[in-house]
Amino acid sequence: MNDTTPVNVTRTWEVSLYGSYGEGRSASVYLGKRTVTLSGGRDACGQLLPMTATVDGQPVPAAQVVELLEWAKADGSVTLLGEERTVPTIGKARAARLHRLMGCLGLSNPDHYGSARRAVGREVFSLASLTEQEAREVWAYLCRTFPQARQLAP
């Protein structure tokens, strides 16, 4: 089973802010627009990542963005501009280790990608693009296919 659940999420909003200088709707004054971004999620091991935030591209405490969003929801407008969801991958260093282990098992380089494809059920053009869960599935597949793989450190 492939885990494609997004674990890192970045959302960007445009907020229009209003303030008041008296009673009633006519006492409302437009203060301007801001672009705010919040990012957070989990790393490949499931540990929470620190929340990061920006206002108009400048880093700020996450609480400040939350405050602006709440203010805009109450006295202005909030428009979601975009949302990006990503799954962390194992990266080049871990992929290189996996390539070396596959080489030790006697697999030629094209067979590395074929083995990964069979293990995860999708085309794999780079081992670095595997998620943590997919890399574990590839290793389990190798251990089932090549009993000597258990003697190698994953």
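Just so you know, these numbers come straight off a predicted model, no measurement behind them.
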Problem set entry | Distance-minimising heavy-atom pair for Leu38 and Ala53 | CD2-CB, 3.7 Å
Exercise. Is there a side-chain contact between Val15 and Lys73 (heavy atoms, below 4.5 Å)?
Worked result: no
For this session: First locate atom CG of Leu17, then atom CZ of Arg34, and finally report the distance between them rounded to the nearest 0.5 Å.
Result: 6.0 Å
For this session: Assess whether atom CD of Glu14 is packed by more than 12 heavy atoms of other residues, nucleotides or ligands within 6.0 Å.
Result: yes
Seminar exercise, completed: CZ (Phe146) and OG (Ser115) are apart, to the nearest 0.5 Å, by 5.5 Å
Exercise. Nearest heavy-atom pair of Tyr18 and Trp71: which atoms, and what distance?
Worked result: O-NE1, 3.0 Å
Problem set entry | SB check Glu134 Arg136 (cutoff 4.0 Å) | no
Exercise. For the residue pair Ser16 and Ala72, what are the closest heavy atoms and their distance?
Worked result: O-CB, 3.9 Å
For this session: Verify the distance criterion only: is there a donor paired with an acceptor across the side chains of Thr37 and Thr12 at less than 3.5 Å?
Result: yes
Exercise. Any idea which heavy atoms bring Ala149 and Trp139 closest together, and the distance?
Worked result: O-CZ2, 3.3 Å
For this session: Please round to the nearest 0.5 Å and tell me the distance separating atom OG of Ser129 and atom CD of Glu123.
Result: 11.0 Å
Exercise. Are side-chain heavy atoms of Thr131 and Ile90 found at a separation under 4.5 Å?
Worked result: no
Exercise. Mind checking whether Val9 and Leu81 sit in one hydrophobic cluster, side chains of I, L, V, M, F, W, Y counted as touching below 4.5 Å?
Worked result: no
Problem set entry | Rounded distance (nearest 0.5 Å) linking atom CG of Leu127 with atom OG1 of Thr89 | 11.5 Å
Exercise. Are Leu68 and Val29 grouped together when hydrophobic residues (ILVMFWY) are joined by side-chain heavy atoms under 4.5 angstrom apart?
Worked result: yes
Exercise. Can you check side-chain contact (heavy atoms from CB on, under 4.5 Å) on Glu84 and Arg11, steps first, answer last?
Worked result: CA-CA 7 Å; Glu84 181 181 327; Arg11 289 188 181 111; over 6 Å; no
For this session: Look at the side-chain heavy atoms of Ile, Leu, Val, Met, Phe, Trp and Tyr, link any pair under 4.5 Å apart, and say whether Leu80 and Leu69 land in one connected group.
Result: yes
Exercise. Rounded to the nearest 0.5 Å, how far does CZ of Arg118 lie from CG of Leu142?
Worked result: 9.5 Å
Exercise. Under a 4.5 Å cut-off applied to non-hydrogen side-chain atoms, are Val36 and Val60 in contact?
Worked result: no
Exercise. Would you say Leu49 and Val66 are hydrophobically clustered, going by side-chain heavy atoms of ILVMFWY under 4.5 Å?
Worked result: no
Exercise. Should the ring pair His99 and His112 be called parallel, tilted or perpendicular, given that the plane angle runs from 0 to 90° and is split at 30 and 60?
Worked result: tilted
Seminar exercise, completed: dist Arg85:CZ -> Asn8:CG (nearest 0.5 Å) comes out at 11.0 Å
